[in-house]
Amino acid sequence: DPNPERRLGLRFPDGFRWGAATSAYQIEGAAKEDGRGASVWDTFSHTPGRTRNGDTGDVAADHYHRWANDLDLMKDLGLRSYRFSISWPRVQADGTGKANQRGLDFYRRLVDGLHERGIEPMATLFHWDLPQALQDLGGWENRDVAYRFADYAAAVFEALGTAVPVWLTINEPKTVVQNGYLGGHHAPGLRDPDAAYLVAHHLQLAHGLAVRALRAESDARIGPALNLHPCYPADDRPETETATRLYDGYENRLYLDSILRGAYPQDVLDDLGPDSRMVRGIRDGDLAVISSPVDLLAVQYYTPYYVTGGGDTETRWPTSEAFWQQIFPDGMFDMLTRITRDYGPIPLTITENGLPCPDELGSDGTVDDPGRVEFLRDHFAAAHRAIEAGVPLESYHVWSLMDNFEWAEGYEQRWGLVYVDYPTQRRILKRSAHWYKGVIRDNTV
Ligand code: PNW
């Protein structure tokens, strides 16, 4: 599009909350300050060969020290909501025991600073930074870690529960399962399918236990944060239809059905088999915990999948710099409307959507990212269409507020609305950030 900033004239409902998202390990740095313990991502990123250029989150965007300046940036953008995550090893260095007050104080300052600037905090309890001490006990393969998570959640709710109106439990359990335990390119770096789905069950259990812990502490709202992928058959052969259905089971229904219907999808359980560690690990009462009523569902949408008869995927649309991402805004419409159709009118929020662009700091001090403007405009339009179709979508958080540590890809991929010049830690609003500011001001794309 030669002019991606051209407005489409789509007005969002009054009160719609525009936002941006980050996560603790990706932006905070200060890896050893104020009593923070090591997480699996410290271990993983410090293991040679695991991340691009050996990058780590030791310093990242130094948000731990620059948080006040970053909050001013958010206010300048006009954000109504900011989604961040709380680092478990800052709150409990070893993942158990008494909460570390200095760790909690950082998030208290952040939350108070958001309120002072009129921005609603949305906090994720777990965005992949499991305390290493718990990994040493087996990590999410160990059922006890789900109970440790509930204790951690209770400590956080006690400290911040009433100041944060919206809580999210676990960021993208599926990515932990698939990248951490199947592909092995995320921490803890294992390739063990049988372990992977037991981990999925324990992550779901941990989610439900945290929901119950919140109810005891505060009347804030809470829900899961799921990355969902619309799955389309690559052709119209019957075997492709069948393969696509099972693929959808592993990508979407495994998480959605257990939380919103109180049962794992039977086709996935059958495919795993009765002898799988997951199926053997499900105990009486677990599904009741997992399906504890939630107040909203947070959806993270990046890409569709086109599934072949052999159960592989193929690429149909232009990809971004992320090898796994095809740019297909209609996929967001399809996923949002499908959730409302299949699971009822539960309030929805988009908690992540974005792409990496080849952003460079120009000699005139600006950063031009027309591809991001076009991508966001088209996805915002898809969200608008979903709202018109009756989807109760209440907010939208762009991934990400600023450039950050993109996990195994290190700092090479830039996902931010705000450019981070790492050597100086200077922040520069990209062209997309200036454009987004106008969208927020007018509540119109
Ligand atoms: C999310 N996929 O991960 C995470 O929540 C963020 O921390 C991350 O920085 C962001 O998306 C960009 O990668 C994903 O394969 C990882 O479709 C993989 C996929 C989607 C999201």
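Since the model is a prediction, treat every value here as computed from it, not as a measurement. Indexing begins at 1, ligand by ligand and atom by atom, following the structure's order.
- Close approach to His127 involves these atoms of ligand 1, each under 4.0 Å from a residue heavy atom: 4 (C), 5 (O), 6 (C), 7 (O).
- Atoms of ligand 1 found under 4.0 Å from any heavy atom of Trp415, numbered from 1 in the order shown, are 12 (C), 13 (O).
- For a threshold of 3.5 Å applied to N or O pairs, the pair formed by Asn227 and ligand 1 contains no separation below that value.
- Between Arg338 and Asp248 there is a salt bridge, since at least one side-chain N of the basic residue sits less than 4.0 Å from a carboxylate O of the acidic one.
- Residue Trp407 has at least one N or O atom closer than 3.5 Å to an N or O atom of ligand 1.
- The protein heavy-atom contact nearest to atom 2 (N) of ligand 1 is Trp324 CE3, 3.2 Å.
- In terms of protein heavy-atom proximity, atom 3 (O) of ligand 1 is nearest to Glu172 OE1, 3.0 Å.
- Looking at Tyr25 and Ser45, their side chains do bring a donor and an acceptor atom within 3.5 Å of each other.
- Counting heavy atoms from C-beta outward, Tyr255 and Gln204 have side chains that approach closer than 4.5 Å.
- Between Glu28 and Arg36 there is no salt bridge, since none of the side-chain N atoms of the basic residue sits less than 4.0 Å from a carboxylate O of the acidic one.
- Judged by a 6.0 Å distance limit and a 45° cone about the ring axis, Arg90 is positioned over the six-membered ring of Tyr64.
- Residue Thr303 touches ligand 1 through its side chain alone, judged by heavy-atom distances below 4.0 Å.
- Shortest contact from atom 6 (C) of ligand 1 to any protein heavy atom: Glu352 OE1, 3.6 Å.
- Per-residue contacts place Asn171 under 4.0 angstrom from the following atoms of ligand 1 (heavy atoms of the residue considered): 5 (O).
- Salt bridge annotation for Glu321-Arg414: absent, with no cationic side-chain nitrogen under 4.0 angstrom from a carboxylate oxygen.
- Here the protein heavy atom with the shortest distance to atom 12 (C) of ligand 1 is Glu406 OE2, 3.4 Å.
- Every residue two or more places apart in sequence or in another chain was checked for a salt bridge (Lys or Arg N to Asp or Glu O under 4.0 Å) with Arg212, and none qualifies.
- The closest approach between a heavy atom of Gln178 and any atom of ligand 1 is not below 4.0 Å.
- Under the salt bridge (Lys or Arg N to Asp or Glu O under 4.0 Å) criterion, Arg261 pairs with Asp257, not counting sequence neighbours.
- Using a 4.0 Å cut-off between charged side-chain N and carboxylate O, Asp72 and Arg117 make a salt bridge.
- Considering both main-chain and side-chain atoms, Tyr302 comes within under 3.5 Å of ligand 1 through a nitrogen or oxygen pair.
- Remark: ligand 1 atoms within the under-4.0 Å shell around heavy atoms of His229 are 2 (N), 17 (O).
- Contact analysis leaves Gln325 out of contact with ligand 1, as no non-hydrogen atom separation drops below 4.0 angstrom.
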